[in-house]
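To start, the structure under review is shown below, and the notes come after it.
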Amino acid sequence: MDIVSLWDKTLQLIKGELSPPSFNAFFKQIVPLKIYMSDLILLAPNDFTKGILEDRYLNLIESSVNQLSLKKYHVKFVLNEKDVDGLGEEVQSSSNKKNHPNLNPKYTFDTFVIGNSNRFAHAACVAVAESPAKAYNPLFLYGGVGLGKTHLMHAIGHHIVSQKKDPKVVYVSSEKFTNELINSIKDDRNEEFRNKYRNVDILLIDDIQFIAGKERTQEEFFHTFNSLHEANKQIIISSDRPPKEIPTLEDRLRSRFEMGLITDIQAPDFETRIAILRKKAQMENIDVSNEVTTYIAKNIKSNIRELEGALTRVIAYSSLTNRTISFELAVEALKDIITSSKNEEITVIRIKEKVASVFDLKMEDFNSKKRTRSIAYPRQIAMYLSRELTDLSLPKIGEAFGGRDHTTVIHAHDKIIKNIEANEEIKIKIDKIISDLKG
Ligand SMILES: Nc1ncnc2c1ncn2[C@@H]1O[C@H](COP(=O)(O)OP(=O)(O)OP(=O)(O)O)[C@@H](O)[C@H]1O
């Protein structure tokens, strides 16, 4: 029995043992990942659910699995698919179809909510999924943590697998790529490694920023890239920043990454956060009021993984305490998470407002072309603080200051660092602004 059927049957057994709210809260989101030796490895959606599954349900899960299988398994939970990367070749995986990559079944275009922050990235991914190697090659997706890059890459993979006959689609994190390369060198299996990556139709490579500074990996990836590109195979790359900002990336790779289309994903706006929460509640088949989704969406802004985690926590809390989901219950369930992030997020606007009040500037002065010292200097301080206190990229900061070039932001940042080192008065002033912003 393959892992997917084994897990499906296990779920049927477990369902009969538990109340529907508990089953829905803790079991529906588990993804069967891998069978390795005598371990059945399952992906838990978040730390909280993992803790509950391990503390309360491990015996039930293992006994149910072992009722169905001749072989005795130990069940293990991981939080990240990358955690099983080091386990060597799979014995069986959830992606048991020939040439099928290890794609998360939940990460499809259907489950992806489109909003202003990701509309362009989504459209580019759909275009690539429909015409691989014809639309944009490579497609380079970048954005902050937990904003949907991996989701979109897997969605492209699923779409292509569903459209083409036996395409070879490979999804790999750059860390896994590096580890496999190192092992192949160690075991003298370099040829095998090359064949694996140079003979695919679609290569999805996640978190490419981790190859920064790894010369041998960059060299190998350069040749993999070239042979795929020349053979008209599609390459999709993700990163937490644009190619220009990846330090110690060889120029020849950087220019290749810039050959196709580069697209970014921003943090979702309020409406998109609400839509994501609604979609998730709908997928879980659970009623959640507008008051509750609004409370979560207003307080968790910059990471969709955390947004989803908050909703899961509310659902679990309701199931554990046997109460219906209400605004009061959500506040109670999320008191640790939302108190710890109660300080308002630091944005460029807040930085500008603060610097404007300290240096007696008008808001429009930050974007103006005026270069008098009384304006240019506070403007440079505001750019410095934006670089230090927000996750925005250099080009985005430049954009937020009247469309200035990213080199202007670098210059301002370097200058203020030197000033802080040389001038105690400025250091105190800037420290005070930072502590006021942090609340
Ligand atoms: N637009 C969206 N609609 C629905 N779910 C989303 C959306 N964007 C992200 N998610 C969900 O948020 C979670 C985090 O997304 P994902 O893992 O793709 O982020 P990432 O950008 O690859 O993060 P990292 O930088 O940590 O690798 C996933 O569960 C994903 O399904």
Side-chain angles (χ1 to χ4, degrees), residues 28-31 33 42-50 78-85 101-126 129 139-159 171-177 204-212 236-242 245-246 262-284 288 293 296-297 300-313 315 391-393:
K28 277 198 152 174
Q29 297 181 76
I30 298 173
V31 178
L33 272 190
L42 305 171
L43 179 70
N46 52 53
D47 203 23
F48 176 75
T49 310
K50 178 170 176 273
V78 293
L79 283 174
N80 195 322
E81 279 172 60
K82 292 166 192 161
D83 293 349
V84 298
D85 287 353
N102 200 10
L103 300 175
N104 185 327
K106 292 192 173 151
Y107 293 174
T108 62
F109 285 126
D110 283 346
T111 56
F112 191 82
V113 174
I114 305 161
N116 290 334
S117 55
N118 58 33
R119 192 177 309 280
F120 186 69
H122 172 265
C125 290
V126 171
L139 175 66
F140 192 101
L141 276 176
Y142 74 91
V145 175
L147 294 184
K149 302 180 294 292
T150 307
H151 188 137
L152 279 176
M153 291 180 111
H154 283 221
I156 296 176
H158 284 303
H159 189 85
Y171 166 84
V172 66
S173 65
S174 75
E175 282 164 308
K176 180 173 177 183
F177 185 86
L204 304 150
I205 181 146
D206 212 351
D207 289 327
I208 198 77
Q209 72 273 8
F210 292 124
I211 70 168
I236 298 132
I237 303 165
S238 90
S239 168
D240 66 348
R241 63 199 88 173
E245 286 176 30
I246 304 178
I262 302 181
T263 170
D264 68 331
I265 306 186
Q266 296 289 325
D269 55 22
F270 176 73
E271 289 73 18
T272 313
R273 297 200 295 278
I274 291 280
I276 290 171
L277 290 169
R278 287 203 185 133
K279 177 118 195 168
K280 188 166 164 62
Q282 183 199 346
M283 280 162 64
E284 303 289 323
V288 182
T293 48
I296 300 175
I300 298 178
K301 297 178 181 165
S302 55
N303 181 330
I304 297 174
R305 194 175 291 119
E306 283 174 12
L307 191 75
E308 290 186 338
L311 182 61
T312 306
R313 200 178 165 101
I315 296 170
D391 292 332
L392 290 186
S393 63

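As the structure lists them, so they are numbered: ligands from 1, and atoms in each ligand from 1. Along the sequence shown, residues are numbered consecutively beginning with 1.
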Q: Could you tell me which residues satisfy side-chain hydrogen bond (donor to acceptor under 3.5 Å, both in side chains) with Thr49, sequence neighbours excluded, listed by chain and number?
A: Asn46

Q: Nearest heavy atom to atom 19 (O) of ligand 1 wins, so pick from Gly143, Gly148, Ala121.
A: Gly148

(Q) Is it the case that ligand 1 has an N or O less than 3.5 angstrom from some N or O of Gly146? (A) yes

**Q.** Protein heavy-atom partner closest to atom 6 (C) of ligand 1 - residue, atom, separation in Å
**A.** Ile304 CG2, 3.7 Å

Q) Does ligand 1 have any atom that is closer than 4.0 Å to a heavy atom of Leu147? A) yes

Q) Rounded to the nearest 0.5 Å, what separation is found between the CD1 atom of Ile246 and the CZ atom of Phe210? A) 10.5 Å

Q. So is Ile114 polar-close to ligand 1, meaning N/O to N/O under 3.5 Å?
A. no

Q: Could you grab the distance from atom CZ of Arg273 to atom OG1 of Thr293, nearest 0.5 Å is fine?
A: 11.5 Å

Q: Report the part of Asp206 in contact with ligand 1, treating N, CA, C, O as backbone and CB onward as side chain, heavy atoms under 4.0 Å; options are side chain, backbone, both, neither.
A: neither

Q | Nearest neighbour in protein (non-hydrogen) for atom 22 (O) of ligand 1 | A | Thr150 OG1, 2.5 Å

**Q.** Sub-4.0 Å atoms of ligand 1 with respect to non-hydrogen atoms of Asn118
**A.** 1 (N)

Q: Working to the nearest 0.5 Å, report the span between CG of Asp391 and CG of Asn303.
A: 10.0 Å

Q: Hey, could you give me the OG1/CG distance between Thr150 and Asp206, rounded to the nearest 0.5 Å?
A: 3.5 Å

Q. Ligand 1 and Val113, any nitrogen or oxygen pair closer than 3.5 angstrom?
A. yes

Q) Can you tell which part of Glu308 has a heavy atom less than 4.0 Å from ligand 1: side chain, backbone, both or neither? A) side chain

Q.
To check your reading of the model: name the closest protein heavy atom to atom 28 (C) of ligand 1, its residue, and the distance in Å.
A. Tyr107 OH, 3.5 Å

Q) Mind checking whether Tyr107 and His151 have parallel, tilted or perpendicular rings, split at 30° and 60°? A) parallel

Q.
To the closest 0.5 Å, what do you measure between CZ (Arg278) and CD (Gln282)?
A. 10.5 Å

(Q) Any donor-acceptor pair under 3.5 Å linking the side-chain atoms of Ser174 with those of Asp207? (A) no

Q. Counting heavy atoms only, which of Arg305, Arg273, His151 is nearest atom 17 (O) of ligand 1?
A. Arg305

**Q.** From Asn104 atom CG to His158 atom NE2, the distance as rounded to the nearest 0.5 Å
**A.** 6.5 Å

**Q.** atom 25 (O) of ligand 1 - nearest protein heavy atom and its distance
**A.** Lys149 NZ, 3.0 Å

Q | Element-labelled atoms of ligand 1 that are located less than 4.0 Å from some non-hydrogen atom of Thr111 | A | 3 (N), 4 (C)

